[in-house]
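Single-structure report; data block below.
Every number for a ligand or one of its atoms is a count from 1 in the order of the listing. All values reported here derive from a predicted model rather than from experimental measurement.
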Amino acid sequence: MKYPVVCVGRDSSIRKTIQEIERSPFDAAFVVDEAGSYLGGVAIMDLRRLLISGVQEMEAVGGYPLKHEFGLTEENLRNRAEAGRLVSDMELYGVHFVPLLAPGGKVKDVLSIEDLGRMHGLETNNAAAAKPAGRVLVVGGAGYLGCVLAEKLLGRGFRVRVLDSFIYGRRAIDSVAGNGNLEIVEGDLRNIHTCVQSLEDTDAVVLLAAIVGDPASKIRPTETIETNVLAAQALASACKLHHIHRFLYASTCSVYGVGAEELDERAALYPVSLYARTKIESEKIILGMGDDYFSPTILRMGTLYGYSPRMRFDLVVNTMSMKSFTEGEIQVFGGKQWRPLLGVEDAADVYIRCIEADLADVGNQVFNVGSDAQNYQIDEVARIIGRALGDIPIARDGSNLDARDYRVNFNKLTEVLQFKPGQRIDASARQIFDKLKSGVIRNPAQKIYYNHYFDSAEE
Ligand SMILES: NC(=O)c1ccc[n+]([C@@H]2O[C@H](COP(=O)([O-])OP(=O)(O)OC[C@H]3O[C@@H](n4cnc5c(N)ncnc54)[C@H](O)[C@@H]3O)[C@@H](O)[C@H]2O)c1
């Protein structure tokens with residue numbers, strides 16, 4: 001068949017059908033009878049709704065009403081008027097694929113709405129159905145990484161729901177706010193009702209929302225534990241009950257804390273902050289929930305850098321770029337400590353790769369996210385940025401304010417997802433410098449650019 005659409009027998013259990021659809025790039029399956037004749041289609045959303053309403057997962061999928069019973073024969077495929085009617089119906093019901101039936105009703109091939117349109121020179125407009133993974137819930141989608149990810153997901157045709165309490169304001173998602181595929185929910189993940197409601201009609205969940213960074217978590221320990229651990233656990237648990245298998249959890253290489261060796265995913269963890277400890281705790285809880293219904297992916301990212309509509313100037317590359325502009329000098333504390341860096345756009349691309357990957361390749365697993373080539377000592381970061389921005393002087397302070405010192409191995413990510421970084425720190429530093437120079441960012445001292453000031457965010 002041209003497209004590997006899932007075909008299940010009418011006796012197939014709802015559970016098995018959901019699993020097969022989850023592992024495919026489609027959001028629906030064709031249901032056939034014992035003789036292989038087409039009976040109709042079933043969407044994963046409808047199956048999830050059945051389970052939530054109390055239907056047993058081992059019940060047969062054919063026992064419930066099927067949808068989209070459009071079957072196409074060679075004969076009506078040749079008829080332009082019939083093909084045109086079919087295309088309109090498919091657009092109306094958001095169906096992207098239709099089975100081509102042999103005499104007797106067996107599924108012989110699968111055609112997409114574009115195939116039908118091309119054959120008869122018909123205009124097709126079925127963008128809504130062309131999503132490989134439907135709707136993605138991005139919790140924390142107005143944050144530094146979240147707003148970049150949301151925009152990229154929309155660009156790839158996903159429907160996106162952003163749930164965010166807008167600690168740092170909502171301006172970051174202004175540029176995409178008018179997109180018809182974006183839904184914005186203002187709410188707190190710690191509210192159980194909001195948390196569960198946000199899962200309606202969702203295929204994949206990305207959990208970014210957290211109290212982020214060592215200083216912020218130190219200032220707000222209670223909120224950190226509530227958000228980073230308890231709310232994360234509640235969301236993961238609700239996903240599992242909703243049969244949302246794909247769950248991407250944003251963790252951090254800070255879980256390694258200190259380490260002399262290049263650390264891979266099996267290395268021992270030495271957290272040096274509450275922030276890192278909450279991330280480790282959530283990793284354990286979420287991975288522990290993994291089973292046939294729930295296949296979480298833990299993404300331990302390096303320290304992010306680069307321009308984002310929700311700019312953060314409390315991340316090392318961004319701080320140095322900003323200080324080069326405002327003070328004409330880069331300050332380095334310590335300098336010998338190792339830190340893996342990762343461009344914010346690259347990070348967003350990794351999330352998209354995970355959403356589009358075969359769940360068997362990425363589910364129930366931990367990945368370090370970054371690249372071996374971007375493990376840097378802080379001194380070197382300062383030198384690269386200083387050079388990129390025109391020989392900015394570097395002021396050194398021997399005291400190391402940050403206890404973290406670790407080099408990370410990224411082989412697994414490279415092998416499984418073929419990830420190669422596209423961003424570089426010198427180019428990103430120049431971009432940030434230009435945003436400041438051109439006035440796109442007018443006052444980098446504003447509190448909204450720093451996570452540890454979040455209780456007094458100002459516009
Ligand atoms: N930035 C980095 O260098 C880095 C590195 C490794 C891992 N991470 C992880 O990536 C994720 C995103 O980081 P970021 O830099 O984009 O952070 P960020 O602080 O810019 O974004 C977090 C977002 O979550 C929202 N949020 C916080 N608590 C919430 C709640 N209770 N309910 C709803 N929304 C809430 C905030 O309003 C904000 O928009 C975090 O989980 C972080 O731990 C970040």
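Under the 3.5 Å distance criterion, with hydrogens and angles disregarded, no donor-acceptor pair is assigned to the side chains of Asp405 and Tyr256. A donor-acceptor contact closer than 3.5 angstrom is absent between the side chains of Tyr305 and Gln423. Residues Ser12 and Thr17 bring a donor and an acceptor atom of their side chains to less than 3.5 Å of each other. Gln365 and Thr297 share no donor-acceptor pair across their side chains, judged by distance under 3.5 Å alone.
Note: Phe313 and Tyr449 have perpendicular aromatic rings, judged against thresholds of 30 and 60 degrees for the angle between ring planes. Note on ring orientation: taking the six-membered ring where Trp is involved, the planes of Phe247 and Phe294 are tilted (angle from 30° to 60°).
At least one heavy atom of Gly302 sits less than 4.0 Å from an atom of ligand 1. Within the structure, ligand 1 lacks Tyr305 among the residues with a heavy atom less than 4.0 angstrom away. The closest approach between a heavy atom of Arg300 and any atom of ligand 1 is not below 4.0 Å. Using 4.0 Å as the threshold, Gly213 has no heavy atom nearer than that to any atom of ligand 1. Using 4.0 Å as the threshold, Ala231 has no heavy atom nearer than that to any atom of ligand 1.
Proximity to Lys279 (heavy-atom distance under 4.0 Å) selects the following atoms of ligand 1: 40 (C), 41 (O), 42 (C), 43 (O). Ligand 1 places these atoms under 4.0 Å from at least one heavy atom of Arg312: 1 (N), 14 (P), 15 (O), 17 (O), 20 (O). Each of the following atoms of ligand 1 lies closer than 4.0 Å to a heavy atom of Ser251: 6 (C), 7 (C). For ligand 1, the atoms lying closer than 4.0 Å to a non-hydrogen atom of Arg310 are 18 (P), 19 (O), 20 (O). Every atom of ligand 1 with a heavy atom of Ile167 under 4.0 Å away is listed here by number and element: 27 (C), 28 (N), 37 (O). When each atom of ligand 1 is checked for a heavy atom of Leu145 under 4.0 Å away, the hits are 16 (O). Interface atoms of ligand 1 facing Phe166, defined by a heavy-atom separation under 4.0 Å, are 37 (O). Near Thr227, meaning under 4.0 Å from any of its heavy atoms, are these atoms of ligand 1: 28 (N), 31 (N).
With respect to Arg277 and Glu281, no salt bridge is recorded, no charged nitrogen being found less than 4.0 Å from a carboxylate O.
Not a single donor-acceptor pair under 3.5 Å links the side chain of Thr319 to the backbone N or O of Val317. Looking only at distances, a side-chain donor or acceptor of Asp203 sits under 3.5 Å from a matching main-chain atom of Arg135.
The single protein non-hydrogen atom nearest to atom 24 (O) of ligand 1 is Ala209 CA, 3.4 Å, given as residue, atom name and distance. Looking from atom 35 (C) of ligand 1 to the surrounding protein, the closest heavy atom is Ser165 OG, 3.2 Å. Nearest protein neighbour of atom 17 (O) of ligand 1, counting heavy atoms only, is Val212 CG2, 3.4 Å. Remark: minimum distance from atom 10 (O) of ligand 1 to any protein heavy atom is reached at Met301 CE, 3.2 Å. Annotation: atom 36 (C) of ligand 1 to nearest protein heavy atom, Asp164 OD1, 3.4 Å. Distance from atom 43 (O) of ligand 1 to its nearest protein heavy atom, with residue and atom name: Tyr275 OH, 2.5 Å. With hydrogens left out, the protein atom closest to atom 21 (O) of ligand 1 is Gly143 CA, 3.3 Å, a heavy atom.
Nearest to atom 27 (C) of ligand 1 by heavy atom, out of Ala347, Ala210, Ser217, Gly140, is Ala210.
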**Item:** From CA spacing to verdict: side-chain contact (heavy atoms from CB on, under 4.5 Å), Tyr307, Val148
**Value:** CA-CA 9 Å; Tyr307 177 74; Val148 175; over 6 Å; no
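Residues Val332 and Asp379 share a closest heavy-atom pair of CG1-OD1, 3.7 Å. For Arg339 against Ile378, the heavy-atom pair with the smallest separation is CB-CD1, 4.0 Å. For the pair His245 and Gln19, the tightest heavy-atom approach, listed with the atom from each and the gap, is CE1-CG, 4.0 Å. For the residue pair Gln56 and Leu51, the shortest heavy atom distance occurs at C-CD2, 4.1 Å. Val212 approaches Asn451 most closely through the heavy-atom pair O-ND2, 3.2 Å.
At least one N or O atom of Leu304 sits closer than 3.5 Å to an N or O atom of ligand 1. At least one N or O atom of Leu189, backbone or side chain, sits closer than 3.5 Å to an N or O atom of ligand 1. For ligand 1, one of its N or O atoms has an N or O atom of Tyr144 under 3.5 Å away. Inclusion of Leu208 in the set of residues having an N or O under 3.5 Å from an N or O of ligand 1 is warranted. Residue Asp188 has at least one N or O atom closer than 3.5 Å to an N or O atom of ligand 1. For Leu207, no nitrogen or oxygen atom sits less than 3.5 Å from a nitrogen or oxygen atom of ligand 1, counting backbone and side chain alike.
Contact annotation for Asn451 and ligand 1: only side-chain heavy atoms (C-beta onward) come within less than 4.0 Å of the ligand.
Under the 4.5 Å side-chain criterion, counting only non-hydrogen atoms from C-beta, Asn364 is in contact with Ser295.
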